[in-house]
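Sequence lines set the chain letters: A, B, ... in the order given, protein chains first and strands last, and positions in each chain run from 1.
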Amino acid sequence: MTAQEEEEDSKAKKAKSKDKKVPEADKRKKPKKEEEQKWKWWEEERYPEGIKWKFLEHKGPVFAPPYEPLPENVKFYYDGKVMKLSTKAEEVATFFAKMLDHEYTTKEIFRKNFFKDWRKEMTSEEKSTITNLSKCDFTHMSQYFKAQSEARKQMSKEEKQKIKEENERLLKEYGYCVMDNHKERIANFKIEPPGLFRGRGNHPKMGMLKRRIMPEDIIINCSKDSKIPPPPPGHKWKEVRHDNKVTWLVSWTENIQGSIKYIMLNPSSRIKGEKDWQKYETARRLKKCVDKIRNQYREDWKSKEMKVRQRAVALYFIDKLALRAGNEKEEGETADTVGCCSLRVEHIKLHPELDGQEYVVEFDFLGKDSIRYYNKVPVEKRVFKNLQLFMENKQPEDDLFDRLNTSILNKHLQDLMEGLTAKVFRTYNASITLQQQLKELTNPDDNIPAKILSYNRANRAVAILCNHQRAPPKTFEKSMMNLQSKIDAKKEQLADARRELKSAKADAKVRRDEKSKKTVESKKKAVQRIEEQLMKLEVQATDREENKQIALGTSKLNYLDPRISVAWCKKWGIPIEKIYNKTQREKFAWAIDMAEEDYEF
DNA sequence: TACATAACTTAGTACCGGTGAA
DNA sequence: TTCACCGGTACTAAGTTATGTA
């Protein structure tokens with residue numbers, strides 16, 4: 001930890017922390033119920049760099065349920081004829097059958113990959129018979145699964161309750177671990193079941209068989225002196241290790257990309273929370289030197305060295321547009337997506353003049369998860385001229401920044417500020433934008449729903465900056481119409497209420513008695529109530545419309561310093577529950593506890 | 001410096017179950 | 001009581017970064 005972070009930490013902890021010691025390995029007492037709920041890890045001393053825990057005990061993973069062969073009457077047809085498949089081939093066939101309604105199964109690559117992997121699971125006889133996927137008829141299987149899921153929906157309350165209880169039992173037994181002296185929730189204790197790989201976007205591996213993970217694939221990580229989880233009967237773990245320099249409990253290697261998957265702790269855990277807090281502290285340190293860094297890269301636009309110029313322009317994009325770093329990717333292994341450093345010439349267009357603005361850069365590329373980034377941005381003349389230079393004599397498919405990669409960029413950033421990497425800019429710009437927008441948009445005279453709309457709008461500004469998109473919900477138009485008709489009905493109701501109020505007033509003028517006066521009062525209240533309800537609905541409609549294609553969740557969860565939101569809630573008397581749901585409150589417990597209304601990012 | 005790998009964060013979507021209106 | 005809707009959550013893919021190795 002740096003001196004600055006240290007300072008921030010002690011500030012945050014205030015006088016609360018009383019010389020608490022790092023828990024010792026040999027103390028293995030079970031945490032008390034109350035203690036585990038109230039434990040404020042943020043008031044404790046941090047572990048030395050690199051050490052993640054001293055004691056770790058868990059029950060190991062939960063494996064996917066074994067395959068249950070189809071009933072005899074569910075048939076698979078090949079070339080119009082019934083064919084009984086071997087168990088292994090049948091299992092893989094069911095994966096395809098379950099996806100039959102999905103457009104994936106119509107895609108050439110998906111079908112090709114699936115068929116290739118499916119054939120590997122077939123017996124030699126099956127292999128020689130089944131040679132053409134188009135001759136395979138999975139519809140009966142598909143219907144069977146639909147019926148099954150329908151039946152599940154139709155289950156009685158008792159049956160549903162039973163399943164729920166079973167899930168709870170599983171969670172209770174496998175969903176927690178003991179890390180040091182505390183019981184902590186595990187994020188993903190279930191092993192991913194086998195199935196067909198569904199990549200996002202135009203993924204070259206879509207449709208490949210994701211194989212079943214066995215205990216023999218599993219590496220267990222826990223304390224030497226903990227109760228080591230036993231493998232399922234008749235099986236062995238691949239390895240049991242005791243590495244307290246890492247945070248994971250279980251890992252295995254997945255067969256599609258050959259990458260390692262992990263079981264780790266929940267965001268509410270100390271180990272994740274601490275890291276999250278640290279991330280925002282790094283972003284706050286950037287705030288202190290961002291002006292200097294900006295001046296520096298503007299200077300570098302003029303550098304004699306091509307590499308330096310490219311670095312400076314890339315950094316400008318990362319800072320101004322919140323682009324991701326953009327690592328190189330192995331061709332043919334993943335969908336063709338890019339970030340800043342991996343931008344190609346074909347991803348930008350230069351307009352010396354566009355719609356009355358000078359030096360406009362038009363971006364159009366697929367970013368993470370194959371989400372399209374499309375933006376027209378006026379840039380400074382120097383940037384524009386540099387881009388022209390970088391593009392000279394290049395083909396569309398050539399790298400825009402051919403002298404640059406993320407490693408070079410991050411090394412440079414490290415020299416500018418300790419702990420600075422490309423992604424810190426996203427965190428910094430997201431958080432600072434939220435803070436500014438909240439200041440700008442919050443109207444002190446607004447009621448709570450209107451203030452929350454302002455919050456959401458501030459949140460939305462960040463989501464737009466970070467290009468967090470979502471597919472418009474399937475039912476969007478309909479639900480919008482429903483809401484509109486609710487608003488219309490409410491308006492009518494209001495008109496009625498107003499009319500009634502008017503006549504009550506007239507009545508009271510004539511009668512001049514207590515009773516009619518009271519009637520006027522109650523009618524007035526009714527009008528007010530309906531006005532409020534209408535306003536709430538209208539706010540809701542605005543909010544929803546503006547949110548059609550924008551996802552707020554990602555920025556809220558990963559980019560916005562939660563202390564900004566907590567402080568805003570405190571300042572304006574907004575209950576924190578209106579901003580954060582239960583899970584989010586658990587994740588941000590540290591921020592909710594420590595941020596006061598005057599917190600500044 | 002190139003490259004591979006491990007570890008960890010960030011991401012969108014499918015699905016489930018509770019809730020409130022009809 | 002039924003059903004649509006919506007928020008919350010589970011799931012797991014897809015990024016970034018650090019680090020070791022040649």
Side-chain angles (χ1 to χ4, degrees), chain A residues 50 52 64 99 102 149 152-153 157 160-161 163-164 167 171 175 187-193 195 197-201 203 205-206 210 219 221 243 245-248 251 253-254 256-267 271-272 275-276 278-279 318 323-330 333-335 337-342 366-371 405-411 413-414 419-427 430 463 466-471 473-476 478-480 482-483 486 489 540 544 549-559 580-584:
Chain A
K52 303 298 169 65
M99 296 176 76
H102 205 287
S149 85
R152 225 171 302 128
K153 275 184 211 148
K157 241 186 205 154
K160 281 185 181 168
Q161 184 60 26
I163 292 175
K164 201 176 160 192
N167 283 335
L171 175 67
N188 56 324
F189 57 91
K190 288 181 187 157
I191 299 281
E192 297 172 17
F197 175 76
R198 311 148 82 117
R200 298 193 226 264
H203 198 117
K205 298 195 172 184
M206 61 169 82
K210 203 168 99 168
I219 303 175
N221 191 33
D243 183 357
K245 308 271 193 299
V246 296
T247 67
W248 54 268
S251 76
T253 301
E254 150 272 352
I256 304 289
Q257 326 266 358
S259 65
I260 307 173
K261 299 252 180 168
Y262 303 92
I263 290 183
M264 290 181 184
L265 297 193
N266 199 69
I271 214 159
K272 293 290 182 190
K275 199 78 189 293
D276 206 39
Q278 213 179 87
K279 172 181 80 186
I318 284 171
L323 300 190
R324 296 187 184 82
N327 288 299
E328 304 108 293
K329 307 164 74 183
E330 216 175 320
E333 292 294 300
T334 60
T337 62
V338 297
C340 186
C341 294
S342 51
L366 297 182
K368 181 177 179 180
D369 294 313
S370 294
I371 297 291
N405 60 39
T406 54
S407 161
I408 296 171
L409 179 66
N410 278 334
K411 243 170 229 139
L413 293 176
Q414 192 60 236
L420 186 61
T421 62
K423 83 188 186 83
V424 178
F425 281 88
R426 254 166 99 81
T427 312
C466 295
N467 200 38
H468 290 141
Q469 296 190 35
R470 62 166 184 173
K474 287 192 185 77
T475 54
F476 185 83
K478 213 172 100 196
S479 91
M480 216 52 212
N482 283 346
L483 193 55
K486 262 192 200 169
Q540 202 186 344
R544 196 180 295 177
Q549 300 195 69
I550 297 165
L552 300 187
T554 304
S555 50
K556 206 178 199 175
L557 233 47
N558 300 301
Y559 289 102
Y580 290 139
N581 67 30
K582 186 164 161 282
T583 317
Q584 294 164 338

- Could you tell me whether the phosphate oxygens of B/dT9, OP1 or OP2, come under 4.0 Å of any side-chain nitrogen or oxygen in A/K272? yes
- Query: At what distance, to the nearest 0.5 angstrom, does OG1 of A/T406 lie from CD1 of A/I318?
  - Reply: 9.0 Å
- Item | Value in whole Å for how far the P atom of C/dG15 lies from NZ of A/K261 | 13 Å
- Given atom CG of A/N167 and atom P of B/dG17, what is their separation to the nearest angstrom? 8 Å
- Message: Counting only side-chain heavy atoms from C-beta out, which of C/dA14, C/dA18, B/dA11 sits nearest to A/N558?
- Response: B/dA11
- Item | side-chain contact (heavy atoms from CB on, under 4.5 Å) between A/K272 and A/N266, worked out | CA-CA 7 Å; A/K272 293 290 182 190; A/N266 199 69; over 6 Å; no
- Find which nucleotide of DNA chain B each of A/R426 and A/E330 is nearest to by heavy atoms, and output the residue with the more 5' nucleotide. A/E330
- Message: Once you apply a heavy-atom cut-off of 4.0 Å, does A/K411 come out as touching a base, just sugar-phosphate, or nothing?
- Response: nothing
- Should A/Q257 be listed as having a side-chain N or O under 4.0 Å from OP1 or OP2 of C/dA13? no
- May I have the distance from A/H468 (atom NE2) to B/dT10 (atom P), rounded to whole angstrom? 9 Å
- A/R200 side chain, from C-beta outward: closest of B/dC8, C/dT17, C/dT12: C/dT12
- Task: Give the nucleotide from the list B/dC8, B/dG12, C/dT16 with an atom nearest to the side chain of A/K423.
- Result: C/dT16
- Message: Please classify the nucleic acid contact of A/G326 as base, sugar-phosphate, or nothing, using heavy-atom distances under 4.0 Å.
- Response: sugar-phosphate
- Task: Could you check if a side-chain atom of A/T337 sits within less than 4.5 angstrom of a side-chain atom of A/K368, using non-hydrogen atoms only?
- Result: no
- Query: Taking the side chain as C-beta and beyond, is there a heavy-atom pair between A/L413 and A/F425 under 4.5 Å?
  - Reply: yes
- Item | A/V246 side-chain proximity, nearest of C/dT12, C/dG15, B/dA7 | B/dA7
- Which sits closer to the 5' end of DNA chain C, A/R324 or A/N581, going by the nucleotide each is nearest to? A/N581
- Query: Below 3.5 Å, does any donor atom in the side chain of A/K368 face an acceptor in the base of B/dT10, or the other way round?
  - Reply: yes
- Message: Categorize A/A422 for me: base, sugar-phosphate, or nothing, with a 4.0 angstrom heavy-atom threshold over every strand shown.
- Response: sugar-phosphate
- Proximal nucleotide (of B/dC8, C/dA18, B/dT10) relative to the A/Y559 side chain: B/dT10
- Query: In whole angstrom, what separates A/R198's CZ from B/dT13's P?
  - Reply: 12 Å
- Proximal nucleotide (of B/dA11, B/dT10, C/dT16) relative to the A/K279 side chain: B/dT10
- Query: Could you state the interatomic distance from CE (A/M264) to CG (A/N221), rounded to the nearest 0.5 Å?
  - Reply: 10.5 Å
- Is there a side-chain polar atom (N or O) of A/K245 under 4.0 Å from OP1 or OP2 of B/dA6? no
- Rounded to the Å, how far apart are A/N467 CG and C/dG15 C1'? 14 Å
- So, do A/R324 and A/K423 sit near enough that their side-chain heavy atoms are less than 4.5 Å apart? no
- Here the distance between atom P of C/dA18 and atom CG of A/N410, to the nearest Å, is 6 Å
- Looking only at side-chain N and O atoms, does A/K210 come under 4.0 Å of OP1 or OP2 in C/dC11? no
- Task: Would you tell me if any nitrogen or oxygen in the side chain of A/S259 comes within less than 4.0 Å of OP1 or OP2 on C/dA14?
- Result: no
- Task: Answer with base, sugar-phosphate or nothing: what part of the nucleic acid does A/T247 contact at a heavy-atom distance below 4.0 Å?
- Result: sugar-phosphate
- Message: Considering every strand and a 4.0 Å limit on heavy-atom distances, what is the contact class for A/P193: base, sugar-phosphate, or nothing?
- Response: sugar-phosphate
- Nearest-Å distance for atom pair CG/C1', residues A/L366 and B/dA11: 15 Å
- So, do A/C466 and A/R426 sit near enough that their side-chain heavy atoms are less than 4.5 Å apart? yes
- Looking only at side-chain atoms of A/T337, point me to the closest of C/dG15, C/dT17, C/dT12. C/dG15
- Message: Nearest whole Å is fine: how far is C/dT16 P from A/N327 CG?
- Response: 5 Å
- Query: Under 4.0 angstrom, heavy atoms only, what part of the nucleic acid is A/K329 near: base, sugar-phosphate, or nothing?
  - Reply: sugar-phosphate
- Task: Describe the nucleic acid contact of A/K205 in one word from base, sugar-phosphate, nothing, applying a heavy-atom distance below 4.0 Å.
- Result: nothing
- Query: Looking for any heavy atom pair under 4.0 Å, which part of the strands does A/K275 touch: base, sugar-phosphate only, or nothing?
  - Reply: sugar-phosphate
- Please tell me which of the listed nucleotides, C/dA14, B/dT10, C/dA18, lies nearest to the side chain of A/Q414? C/dA18
- Message: Does C/dT17 have its OP1 or OP2 closer than 4.0 Å to a side-chain nitrogen or oxygen of A/T421?
- Response: yes
